[in-house]
4 protein chains.
Amino acid sequence: MTTGSVSHRRADTRRNHDRILAVAAESITAGELSFNAIAKQAGVGVGTVYRHFPTQDALVLAVYEREVRHLVEVVPGLLEAHPPELAFRTWATDHLARYMMTKRGLGAALQAASTAAAGDVLADAYRTMLDATSALVEANVRAGVVRADADPETVMRGLGGLLYLDPDGDWHRDAENLADLIWRGMAADGPRSP
Amino acid sequence: MTTGSVSHRRADTRRNHDRILAVAAESITAGELSFNAIAKQAGVGVGTVYRHFPTQDALVLAVYEREVRHLVEVVPGLLEAHPPELAFRTWATDHLARYMMTKRGLGAALQAASTAAAGDVLADAYRTMLDATSALVEANVRAGVVRADADPETVMRGLGGLLYLDPDGDWHRDAENLADLIWRGMAADGPRSP
Amino acid sequence: MTTGSVSHRRADTRRNHDRILAVAAESITAGELSFNAIAKQAGVGVGTVYRHFPTQDALVLAVYEREVRHLVEVVPGLLEAHPPELAFRTWATDHLARYMMTKRGLGAALQAASTAAAGDVLADAYRTMLDATSALVEANVRAGVVRADADPETVMRGLGGLLYLDPDGDWHRDAENLADLIWRGMAADGPRSP
Amino acid sequence: MTTGSVSHRRADTRRNHDRILAVAAESITAGELSFNAIAKQAGVGVGTVYRHFPTQDALVLAVYEREVRHLVEVVPGLLEAHPPELAFRTWATDHLARYMMTKRGLGAALQAASTAAAGDVLADAYRTMLDATSALVEANVRAGVVRADADPETVMRGLGGLLYLDPDGDWHRDAENLADLIWRGMAADGPRSP
DNA sequence: CATGAATGAGTCTTCATTCAT
DNA sequence: AATGAATGAAGACTCATTCAT
C-alpha cells in the first residue's frame with residue numbers, strides 16, 4: 001500500500017515539524033536562537049531543522065505565527081462566556097499580559113527577521129491580532145459601553161504596553177491598571193471604573 | 001607641567017569615552033553590537049573600549065542611561081513653554097514616539113544585558129523615566145484636567161505602546177491617537193478630545 | 001505481459017541513467033557537484049542517483065567518458081570531409097578548443113576523483129583521445145606533410161594548452177595560432193633540433 | 001622605544017603571514033583548501049588566517065602570485081648562464097614541467113576564485129608569466145634561431161600542455177618532447193602555413 | 001527500483017576577550 | 001592608557017550517505 005506508507009512517513013515528518021516548532025518557541029522566547037541547540041533539544045539532526053525551516057527568519061516567523069494563533073483563538077470563547085467589558089479586560093490581563101511578559105525574546109528575534117520577504121507573514125499576524133482586538137472592541141460598542149469611534153488599532157497599541165510588566169512584581173495588578181486606563185480611554189461617557 | 005600633561009591625558013581619555021559611547025549608541029540602535037566594529041568605527045583599539053566598558057553589559061547599560069537622560073531632559077522645558085496638557089501630548093508624540101521608533105534595537109540588547117548586576121542601572125533608568133512622566137501627569141492634575149488618582153506608572157506603561165509604531169506609515173498620527181486614548185483614560189471628567 | 005512490463009521498466013531505468021548523466025555533465029562542468037542538486041535537477045530522488053552511480057568518482061568518471069566520446073566521434077567525419085591538414089586544424093580549433101574552454105570544471109572534478117580505482121577508466125579515455133590524435137597525425141604523415149616521426153602523444157599534450165583560452169577574448173584566433181605553432185612543429189621539413 | 005616594539009610585532013606578524021602562505025601553498029597544491037586545516041597546520045588560530053586573508057579567494061590568489069613569482073625569477077639567471085635555446089629548453093623542461101606537474105590543484109582552486117575582484121591579480125600574474133616567456137623567445141630571436149614573428153603568448157599556451165605530464169611516467173622525456181615540438185614550431189626556417 | 005526525509009560530520013565564519021608591546 | 005594581533009569557542013550551513021517505506 002503505497003498510500004499507507006507515504007502517509008505514514010508524512011505523519012512522522014509532520015510530527016518532527018511540530019516538535020521543532022515547539023522547541024524553537026521555547027528557545028526563542030528565552031532569547032536563545034541556535035539551530036544546533038534547537039536540533040539537539042528536539043532530538044533531531046541539524047539538517048532536519050534546516051529542511052523544515054530553511055532560514056532563521058523562516059523559523060522565527062513560524063514561531064511567531066503559532067504564538068499569535070494561540071493568543072487569538074481564545075477570543076470567541078471569551079465573548080461567549082462573558083459580557084463584552086469583562087471579555088476585554090480578561091483577554092488583556094489574563095491572556096495578553098501573560099503572553100507578552102513571557103515572550104519578550106520573540107520580539108527581538110522578530111525584529112532581526114524583518115526582512116522584505118517577511119512582510120507578508122508579519123502583515124498577516126498584525127491583521128490577525130487586529131481582528132481579535134476589533135472583535136472585542138466592537139462587541140463593547142454594540143453593548144453601548146464604548147465610543148463608536150474607538151479605534152481598535154490604537155487600543156491594540158495601548159495594550160502593547162503590557163510588554164513592560166515586571167514578572168517579579170505584582171504584574172497582574174499592573175495589567176489590570178493598564179487595562180483600566182485604556183478602558184476609560186475608550187469608554188462611552190467618561191470615567192466609570194468599578 | 002606634569003599636571004598639564006596629566007590633565008591633557010585625562011581630556012583625551014574623556015573624549016575617547018564620549019566618542020565610544022556615541023558610536024555605540026548608533027551601532028546598538030541599529031542592532032549591531034560588536035566591540036571590534038565599534039572600536040574601529042570610533043577610531044580606537046578594542047582594548048580601549050574594554051578599558052572604558054569592561055563588559056558588553058556595561059556598554060549597553062551606559063548607552064541606555066545616555067538615551068534615557070536625553071529623553072527626559074526636555075521635560076522641564078516643555079512644562080515651562082506649554083500648558084500641561086500640550087506638554088504631555090508633545091512629549092509623547094514628538095519625543096517618546098520618535099525615540100521608541102528609532103531605538104528598538106536597544107531594547108533587544110538591554111534584555112540580553114539584564115543580569116543581576118544590571119539591576120541598579122535599570123532601576124535608576126526606570127525611576128528617571130517615571131519621574132519625568134510623573135512631572136507631566138502631576139502638572140495636569142494640578143491644572144485640574146487629570147484625575148488626582150491617575151497613576152503615572154500605568155500611564156508610562158501605556159505610552160510603551162509607542163514601540164510598535166510603523167516608521168513607514170503615518171506614525172505621527174498613530175502616536176497622536178495613542179496619546180489621545182491615554183489622555184482620555186486619565187482625564188478628569190470623561191472624553192473630551194479636541 | 002511480464003516481459004512487457006520488465007522491458008518497460010528497463011527503458012525507464014535507462015532513461016533515468018541518461019538524464020542523470022546529462023544533468024551531471026552540465027553541473028560538473030559548471031563546477032557544481034552535489035548529488036542532491038543533481039537529483040533535483042534531473043527530477044529523480046537522490047537514491048536513484050546512487051543506484052546508478054554508487055560514488056562521486058563513478059559519476060565524474062562516467063561524465064568524463066561521455067565527453068571524451070563526443071569529442072572523438074567527429075574525427076572520422078572530419079578526415080572524410082577534408083584534406084588531412086585541414087582536418088587536424090579544424091578539430092583543434094573548432095572542437096577541442098570549444099570543449100576545453102567550456103569544460104574546465106570537469107578537470108578539477110576529475111583530479112579529485114583520480115583514485116586508484118579510477119585508473120582504468122582514465123587510461124581508457126587517454127587512449128581514446130590518443131587514438132583520435134593519432135588518426136589525424138597519421139593521415140598527415142601518409143599525405144607527406146608531416147614528419148614520419150611526429151609523436152601523437154606529444155602533439156596531444158601540446159593541444160592541451162588550449163585549456164587556457166580566454167572565452168571572453170578572441171579565443172578562436174588564439175586557438176588557430178596554437179594549432180599553427182604545433183603544426184609547424186610537426187611539419188615535414190622543419191629545422192632539426194641539435 | 002615604541003618603534004622597537006612595534007617593528008618587533010610587525011616582524012612577528014610578517015612571519016605569520018609567510019608561514020600561512022607556505023602552508024597554504026602546500027595544502028592547495030594537494031587539493032585541500034580548508035581554513036581550519038591550514039590554521040592548524042600553520043600552528044595559528046583560524047582567526048589569524050582570516051585576518052591575513054579575509055577570503056578564500058584572497059588566499060588562493062596570494063598563493064598563486066607567490067608560485068608565479070618563484071617560477072619566473074629564475075629566468076634571468078638561465079639567460080645569463082646558457083645560450084638562448086638551452087635557456088628556453090631548460091626553463092620548460094626543468095622548471096615549468098616540475099611546477100605544473102606538482103601544482104595542478106592550484107589551477108582548480110584558482111578557477112573557483114576567479115571572481116571579478118580577482119581580475120587584477122590574475123591579469124598581473126598572466127603578464128608576469130608572459131614577460132618571462134617573451135624574454136626567452138626574444139633572446140632566441142636576437143640570436144637568429146627563432147622566427148621574428150614567433151608569438152610569445154602562443155608559445156606560453158603551448159607549454160601549458162606540460163600540465164598533463166604523468167608524474168609516475170618518464171615525465172622528463174615527455175617534457176623534452178613537448179619543448180622540442182614547440183621549439184620546432186617557432187624555429188627560424190620552418191614550413192610556412194598556407 | 002525509486003523516493004526523499006533524516007542524519008551529522010566537516011567547514012566556514014564571526015567576535016568576545018586576552019595580552020605583549 | 002592605548003593598541004591591535006592573536007586566539008578559539010560557538011554557531012551557521014552544506015551535503016554525502018543511509019534507510020524505511
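Everything quoted here is computed from the prediction, not taken from an experiment. Letters A, B, ... mirror the listed sequences (proteins, then strands); counts begin at 1.
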What are the atom names and distances for every N/O pair under 3.5 Å that joins the protein to nucleotides 13-15 of chain F?
residue	atom	partner	partner atom	Å
F:dC13	OP2	A:Tyr50	OH	3.0

Does a side-chain N or O of B:His52 approach OP1 or OP2 of F:dA2 to a distance below 4.0 Å, or not? yes
Please report the distance, rounded to the nearest Å, between CZ in C:Arg15 and P in E:dA2. 12 Å
Identify, with sequence neighbours excluded, every residue that meets side chain to side chain contact (heavy atoms under 4.5 Å, CB included) alongside D:Ala25. D:Val63, D:Arg66, D:Glu67
Between CE on residue A:Met100 and OG1 on residue A:Thr102, distance to nearest 0.5 Å: 10.5 Å
Kindly list each side-chain donor-acceptor pair under 3.5 angstrom involving residues 30-38 of chain A, sequence neighbours excluded, with atom names and distances?
residue	atom	partner	partner atom	Å
A:Ser34	OG	A:Asn36	N	3.4
A:Ser34	OG	A:Ala37	N	3.0

Do any side-chain nitrogens or oxygens of A:Thr48 fall under 4.0 Å of OP1 or OP2 in E:dA5? no
Closest-nucleotide mapping onto DNA chain E: is A:Gly45 or C:Arg51 further toward the 5' terminus? I mean the 5' end. C:Arg51
Starting at atom CG of A:Asp12, determine the distance to atom P of E:dT7, rounded to an integer number of angstrom. 10 Å
What's the verdict on salt bridge (charged side-chain N to carboxylate O under 4.0 Å, His left out) for D:Asp12 and D:Arg15, showing C-alpha distance, side-chain angles and the deciding distance? CA-CA 5 Å; D:Asp12 277 4; D:Arg15 217 177 338 276; 3.0 Å; yes
Does F:dA5 have its OP1 or OP2 closer than 4.0 Å to a side-chain nitrogen or oxygen of D:Thr13? no
Please evaluate residues C:Leu110 and C:Leu61 with respect to the criterion side chain to side chain contact (heavy atoms under 4.5 Å, CB included), reporting the C-alpha separation (whole Å), side-chain torsions for both, the decisive distance (0.1 Å), and the verdict. CA-CA 7 Å; C:Leu110 210 51; C:Leu61 258 11; 3.7 Å; yes
For B:Arg104 and B:Leu163, indicate whether the former's side chain and the latter's backbone hold a donor-acceptor pair under 3.5 Å. yes
Whole-Å distance between E:dC15 P and B:Lys40 NZ? 12 Å
Atom CE of A:Met101 and atom CG of A:Asp168: how far apart are they, to the nearest 0.5 Å? 9.5 Å
Mind calculating the distance between CD1 (A:Ile38) and C1' (F:dA10) to the nearest angstrom? 15 Å
Near-strand residues of residues 16-28 of chain A, defined as heavy-atom separation under 4.0 angstrom from DNA chain F: none
Would you mind reading off the distance between A:Arg14 atom CZ and E:dG4 atom P, rounded to a whole angstrom? 20 Å
Decide side chain to side chain contact (heavy atoms under 4.5 Å, CB included) for D:Leu122 and D:Tyr64; before the verdict, give the C-alpha distance in whole Å, the side-chain angles of both, and the deciding distance to 0.1 Å. CA-CA 9 Å; D:Leu122 252 26; D:Tyr64 184 50; 4.0 Å; yes
Which string of ( ) [ ] | and . matches DNA chain E, if you list each base 5' to 3' and count Watson-Crick or G-U pairs only when both distances are under 3.5 Å? .||||||||||||||||||||
D:Leu59 CG to E:dC12 P: how many Å, rounded? 10 Å
Please report, to 0.1 Å, the donor-acceptor pairs under 3.5 Å made by any side chain of residues 40-59 of chain A, with sequence neighbours excluded.
residue	atom	partner	partner atom	Å
A:His52	ND1	A:His17	ND1	3.2
A:Asp57	OD2	A:Thr115	OG1	3.4

Where do B:Val68 and B:Tyr126 land on the side chain to side chain contact (heavy atoms under 4.5 Å, CB included) test, with the steps shown first? CA-CA 9 Å; B:Val68 168; B:Tyr126 187 86; over 6 Å; no
Nucleotide F:dA2, atom P - distance to CZ of B:Phe53 in whole Å: 12 Å
Evaluate whether atom CD of B:Glu26 has more than 12 neighbouring non-hydrogen atoms of other residues, nucleotides or ligands under 6.0 angstrom away. no
